[in-house]
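Indexing begins at 1, ligand by ligand and atom by atom, following the structure's order.
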Amino acid sequence: MANTVCCLTLILFIASLASGVSAAASAGRMIFDVRSYGALGDGKTDNAIAFTRAWKDACQWKGSARVFVPLGTFYLGGVTFAGPCQNRISFIIKGTLLAPKDANAIKQDTWIIFRYVDYLTVSGGGTLDGQGTSAWRLNDCTRNPNCRPLPMNIAFQFVRFSRISRIKSINSKMGHLNFFAVEYFEITRVSIRAPEDSPNTDGIKIGSSHHMKIHDVFIGTGDDCIAILSGTTNLDIYSVKCGPGHGISVGSLGRFKDEKSVYGISVRDSVFTGTSNGVRIKTWAPSASRNTVSNFTFQNLQMINVGNPIIIDQQYCPNNQCSKNSHSQVQIENVKFNNIWGTSTDKVAVKLQCSQTAPCKDVELAGINLVHRGIDGPATALCENVSGWTRGKISPPSCI
Ligand SMILES: *[C@@H]1O[C@H](CO)[C@@H](O)[C@H](O)[C@H]1NC(C)=O
Ligand SMILES: *[C@@H]1O[C@H](CO)[C@@H](O)[C@H](O)[C@H]1NC(C)=O
């Protein structure tokens, strides 16, 4: 009620350049508070229309714009925030955004979508609550290959020069953060949580994207902490705490035609705790596309009670759909595993199962110290169709 006079707050107005040379007045910074568009933080009212209207005005503002969601619980149906926008735009979430419990109430593949935007910042310390608990039991994807995907929490599509920081994502119905055709994007100080037994709740999924950075994030879910998919290049991942979950995975690749190569990926200075895998590359056997996975560095990684700390699996084929004689066509080359230590719950701590038709090339193992404590004896390494070299002390003893 306090803010009845003006619906928008003008923070700053830059009349002209300091030199006065330019006569054209540029628009200043403006805050677009969703409450001014009728949004209610009561946890019940659907705020999709209010949020969309706030976004549209902010996106059309000639100066730098900020959509503001204050503290409170804002129930929100499926929304798409589309650009292009006139200028830089921030989406500041202080409170909690609450997804519909019913997946059918979200009429798109992702609950919250940002699309065709440059210079976007999503931040504010708030929470995206996907309310997945009741939807998880509808997930039959392990049994049904044509299962209907449930909505993910948030997607960025065709977004460039942008970032997400200081946001929590919890209990998505399927994956949490999804990136497609994104360039020059930073993900930092993001926390992602879903129970260990929640199905397909990947933390971050990335496809067809370039020049991304992920750092200082916490991810503990029921599936991959980070999944790196077809066409992703130049991705730097560091200072990640991963677990529980399935680790950081490249792939699966090779299942579909027209998949693109993946190269220039580093995963470094991170800790995996209680995950089923550490760092993994998996490709389908057989594969529908022939491409390359190359120039990877996995470096300075601690494994605490991890199932398969180092794993290349080119015979990936869930539900035994493939024949034993089919082999992956995806070529893996120039992959470095450097300074990786800790404990493996599986006896086979290093597993490099490459393709018979496209053997792995230039694989380096350097400074590996993985321990297995079990009645089945010390940790071992397994190699198939892999060539490369080792440097420094390697334990378990290398099979390359
Ligand atoms: C991979 O690295 C090698 C050597 O550093 C370089 O020559 C090659 O162009 C890189 N490949 C890709 C696809 O970037
Ligand atoms: C690939 O590995 C399998 C299993 O170890 C082996 O039988 C086969 O001979 C290898 N193929 C090549 C081309 O090295």
Engineer: With heavy-atom distances below 4.0 Å as the criterion, list the atoms of ligand 1 near Y263.
Structural biologist: 12 (C), 13 (C), 14 (O)
Engineer: So if I apply the ring pair (Phe, Tyr, Trp, His ring centres under 6.0 Å) rule between F114 and each of W55, F179, F51, which one comes out positive?
Structural biologist: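 The option that passes is W55.
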Engineer: Quick check on ligand 2: any N or O pairs to the protein under 3.5 Å? One line per pair.
Structural biologist:
unit_1	atom_1	unit_2	atom_2	d
ligand 2	2 (O)	N385	OD1	2.8
ligand 2	2 (O)	N385	ND2	2.8
ligand 2	11 (N)	N385	OD1	2.6
ligand 2	14 (O)	N385	OD1	3.0

Engineer: Let me confirm one number: the NZ-CD1 distance from K213 to I187, rounded to the nearest 0.5 Å.
Structural biologist: 12.0 Å
Engineer: Short question: side chain of K205, backbone of I228 - any donor-acceptor pair under 3.5 Å?
Structural biologist: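 Between the backbone of I228 and the side chain of K205 there is no qualifying donor-acceptor contact (under 3.5 Å).
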Engineer: Does any donor atom in the side chain of S344 or H372 lie under 3.5 Å from an acceptor atom in the other side chain?
Structural biologist: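 The answer is no; no qualifying pair exists.
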Engineer: Drop me the distance from R268's CZ to S239's OG, to the nearest 0.5 angstrom.
Structural biologist: 7.5 Å
Engineer: Before you tell me yes or no, could you show the steps for T96 and T73 under side chain to side chain donor-acceptor pair (under 3.5 Å), namely the whole-Å CA-CA distance, both residues' side-chain angles and the distance that decides it to 0.1 Å?
Structural biologist: CA-CA 5 Å; T96 296; T73 303; 4.8 Å; no
